[in-house]
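This report concerns only the one structure given below.
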Amino acid sequence: MRAQVAIIGAGPSGLLLGQLLHRAGIDAIILERKSGEYVLGRIRAGVLEQGAVDLLDEAGVGKRLHAEGLVHGGIELCFDGKRHRIDMAGLTGGKHVTVYGQTEVTRDLMDARAAAGAKTVYEAEDVSIHGFDTTSPVVRYRKDGATHEIACDFIAGCDGFHGVCRESLPAGAVKHFERVYPFGWLGILADVPPVSHELIYVNHPRGFALCSMRSRTRSRYYVQVPLDEKVEDWSDDRFWDELKRRLDTQAAATIVTGPSIEKSIAPLRSFVAEPMRFGRLMLAGDAAHIVPPTGAKGLNLAASDVRYLSRALIDHYRTGSMTEIDAYSDKCLRRVWKAVRFSWWMTSMMHRFPDTGEFGQKIQETELDYLVGSKAASTSLAENYVGLPFED
Ligand code: FAS
Ligand code: PHB
């Protein structure tokens, strides 16, 4: 079998890249180790930058997003029992974010790929990549007991943090930068109306909390928990009680609770692999970097990488040039590191750390007080949250 591009992974990165390449007439195959149902069952991101929305429009999958997505011009920060609105649209000349779950983005991309008749191999086993340091790389996988081989021009490693592509690189070829946070996020999804029409990020002595949503009838809530917590130890009632203890009086009194339809604990880490390109292999999305979800950047960074990678591949197939592919990694990383910094800063400011101490706690409180009292500081938060500009 032959394809111009072999994409490993059918998460948002792989599916979005596949769709953009297909619309440019480039033949790409996607290999995914799980079933499509399994991929859709993951409950993850919820907030899209305008740049990600624009890219989904470019991919021809923005119809439902514009019909059902919720456009937000601000967020609230809650500390000392008081809520402070950050007017992001007012501070950024009218920029917004759109609340639309990653599950729905993935579903729209899967539907578009199926309608286009583009090839995705689900439940592909033992995917391996070879020869990406040559001009004729090869991908092998097993399916229904048979081994298959794909000859291609490029391999796109869109296989997430635990994927095979980054792990296939020779020792010393990639430098890792990592910080693991001493807590996780316990998240719940419930078919209850959101407690507020915008997101509320909470810094409370008992820990961080976040009030988010998927629609006007489906809410997504998180509370910070110690790393050794087990989700089976958290009944719905225990979750709702803990969340209410961290909310301001008005939100605690008005929140609508109900049975969870999903509940899970996600660990938090910052991670970057440099560089993101090795010969004919390019990494994109979580395969190359992970951010704590406090800044709502994970999915948006995946879209950012795919924006640059799709343009580089399209340019190559149109002109034969390798210039954009040669520039891919550095261009991605300049934007990745700014999102990693913002996500680290939001996490440091909004969570309770076990070893902060009294001085560290005063600094955190002062950071929050300065932030909501300074137009310059609030503008900095706003321009990062709505998404920094792309390099073109
Ligand atoms: P993904 O991990 O989504 O997709 C990679 C795909 O590759 C998967 O389908 C996997 O099955 C497949 N794969 C892996 N190894 C393979 C192999 N060897 N062969 C073939 N296929 C293989 N971001 C936010 O902005 N907000 C959030 O609230 C948020 N919450 C998150 C919660 C969790 C538990 C996790 C893990 C992530 C969360 N994220 C969040 C980040 C998340 O949204 C990612 O940024 C996003 O899924 C990145 O998409 P991909 O790069 O496609 O990686
Ligand atoms: C979510 O809705 O899942 C969400 C929103 C904002 C974040 C993190 C997660 O910063």
Side-chain angles (χ1 to χ4, degrees), residues 6-18 30-36 38-49 52 70 72 75 97-103 105-106 109-110 120-129 139-143 155-168 184-189 194 198-201 208 210-215 218-222 231 262 264-269 271 283-306 309 339 342-343 346-347 350 385:
I7 300 172
I8 317 300
S13 295
L15 288 166
L16 182 51
L17 178 63
I30 298 180
L31 302 179
E32 165 58 53
R33 73 174 165 191
K34 298 292 188 183
S35 68
Y38 184 96
V39 174
L40 282 173
R42 293 186 188 120
I43 305 301
R44 289 188 173 168
V47 172
L48 298 176
E49 295 173 2
L70 303 174
H72 284 195
I75 58 172
V97 294
T98 300
V99 173
Y100 189 70
Q102 176 172 325
T103 303
V105 171
T106 305
L109 286 165
M110 282 181 177
T120 304
V121 179
Y122 285 100
E123 296 176 301
E125 300 167 10
D126 303 328
V127 173
S128 60
I129 60 174
V139 176
R140 294 190 187 98
Y141 68 95
R142 289 178 52 74
K143 176 77 177 172
I155 300 171
C158 300
D159 50 346
F161 184 66
H162 300 290
V164 66
C165 290
R166 193 182 71 246
E167 291 306 312
S168 300
W185 280 18
L186 168 60
I188 199 168
L189 191 67
E198 291 178 326
L199 273 62
I200 307 173
Y201 289 79
F208 168 81
L210 172 59
C211 302
S212 184
M213 63 200 74
R214 290 294 177 269
S215 70
R218 177 167 286 192
S219 297
R220 179 73 166 158
Y221 293 106
Y222 299 93
V231 67
E262 193 270 352
S264 56
I265 295 178
L268 271 62
R269 78 175 71 238
F271 172 86
L283 302 179
D286 277 19
H289 40 72
I290 296 284
V291 286
T294 327
K297 290 299 164 212
L299 178 56
N300 290 297
L301 269 187
S304 178
D305 294 346
V306 167
L309 181 52
F342 175 67
S343 303
M346 280 284 281
T347 301
M350 297 306 295
Y385 197 94

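As the structure is a prediction and not an experimental result, all values here were calculated from the model. As the structure lists them, so they are numbered: ligands from 1, and atoms in each ligand from 1.
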Report yes if Leu299 has an N/O atom closer than 3.5 Å to an N/O atom of ligand 1; otherwise report no.
yes

Relative to ligand 2, is Val99 under 4.0 angstrom through side chain, backbone, both or neither, heavy atoms considered?
neither

Give the contacting part of Lys297 toward ligand 1: side chain, backbone, both or neither, where contact means a heavy-atom distance below 4.0 Å.
backbone

With atoms numbered from 1 as shown, which atoms in ligand 1 lie under 4.0 angstrom from a non-hydrogen atom of Gly160?
2 (O), 5 (C), 53 (O)

Trp185 N/O under 3.5 Å from ligand 2 N/O
no

Please tell me if the side chains of Leu268 and Phe208 come closer than 4.5 Å, counting only heavy atoms from C-beta onward.
no

Looking only at distances, can you tell me whether any N or O atom of Gly298, backbone or side chain, sits closer than 3.5 Å to an N or O atom of ligand 1?
yes

Atom indices of ligand 1 within 4.0 angstrom of Gly285 heavy atoms, with elements:
51 (O)

Residue, atom and distance of the protein heavy atom nearest atom 28 (O) of ligand 1 read Tyr222 OH, 3.5 Å

Under a 4.0 angstrom heavy-atom cut-off, which atoms of ligand 2 come close to Arg44?
3 (O)

Any heavy atom of Ala296 under 4.0 Å from ligand 2? The part involved is both

Among all the protein's non-hydrogen atoms, which is closest to atom 3 (O) of ligand 2, and how far away is it?
Tyr222 OH, 2.6 Å

Distance to 0.1 Å, residue and atom name: give those for the protein heavy atom nearest to atom 52 (O) of ligand 1.
Ser13 N, 3.0 Å

With a 3.5 Å distance limit and no angle check, can you tell me whether Asp159 reaches the backbone of Val164 through a side-chain donor-acceptor pair?
yes

Are any of the N/O atoms on Pro12, whether in the backbone or the side chain, positioned under 3.5 angstrom from an N/O atom of ligand 1?
yes

Polar-atom distance check: Trp185 versus ligand 1, any N or O pair below 3.5 Å?
no

Do the numbers put Arg166 on top of the ring of Phe161, so that NZ or CZ is under 6.0 Å from the six-membered ring centre and no more than 45° off the axis?
yes

Kindly indicate whether the side chain of Arg214, heavy atoms from C-beta on, has any atom under 4.5 Å from the side chain of Thr103.
no

Which heavy atom of the protein is the closest neighbour of atom 5 (C) of ligand 1, given with residue, atom name and distance?
Cys158 O, 3.4 Å

May I ask you to test the Arg33-Val127 pair for a side-chain heavy-atom distance under 4.5 Å?
no

Side chain, backbone, both or neither: which part of Tyr122 has a heavy atom under 4.0 Å from ligand 1?
neither

Could you see which bit of Asp286 sits under 4.0 Å from ligand 1, with heavy atoms only: side chain, backbone, both or neither?
both

Would you mind checking which non-hydrogen protein atom is closest to atom 34 (C) of ligand 1, with the distance to 0.1 Å?
Ala266 CB, 3.7 Å

Any atoms of ligand 2 less than 4.0 Å from a non-hydrogen atom of Leu199? List them with their elements.
5 (C), 6 (C)

Roughly how far, to the nearest 0.5 Å, is OH of Tyr221 from CG of Leu186?
14.0 Å

Counting C-beta onward and ignoring hydrogens, is there a side-chain heavy-atom pair between Leu48 and Asn300 closer than 4.5 Å?
yes

Do any nitrogen or oxygen atoms of Arg220 lie less than 3.5 angstrom from nitrogen or oxygen atoms of ligand 2?
no

Closest to atom 23 (N) of ligand 1 among protein heavy atoms sits Ala45 CB, 3.5 Å

Near Gly163, which atoms of ligand 1 are under 4.0 Å from a heavy atom of that residue?
15 (N)

For atom 6 (C) of ligand 2, what's the nearest protein heavy-atom neighbour? Residue, atom name and distance, please.
Tyr201 OH, 3.3 Å

Starting from atom 42 (C) of ligand 1, locate the nearest protein heavy atom and write down its residue, its atom name and how far away it is, to 0.1 Å.
Gln102 OE1, 3.6 Å

Give the residue, atom name and distance (to 0.1 Å) of the protein heavy atom nearest atom 8 (C) of ligand 2.
Pro293 O, 3.2 Å

Ligand 2 versus Tyr100: contacting region, heavy-atom distance under 4.0 Å:
neither

To which protein heavy atom is atom 4 (O) of ligand 1 closest, and what is the distance rounded to 0.1 Å?
Gly11 CA, 3.6 Å

From Arg44, Glu32, Glu125, Lys34 - option closest to atom 1 (P) of ligand 1 by heavy atom
Arg44

For atom 1 (C) of ligand 2, which of Gln102, Arg214, Met213, Lys297 has the closest heavy atom?
Arg214

Structural part of Ala124 in contact with ligand 1, heavy atom criterion under 4.0 angstrom:
neither

heavy-atom search around atom 14 (C) of ligand 1 in the protein gives Asp159 O, 3.1 Å

Option of least heavy-atom distance to atom 8 (C) of ligand 1 (set: Arg42, Glu167, Arg33):
Arg42

For the CD1 atom of Ile75 and the CD atom of Glu198, what is their distance to the nearest 0.5 Å?
9.0 Å

Going by heavy atoms in the side chains, are Leu299 and Arg44 under 4.5 Å from each other?
no

Which atoms of ligand 1 are found less than 4.0 Å from any heavy atom of Leu31?
20 (C), 21 (N)

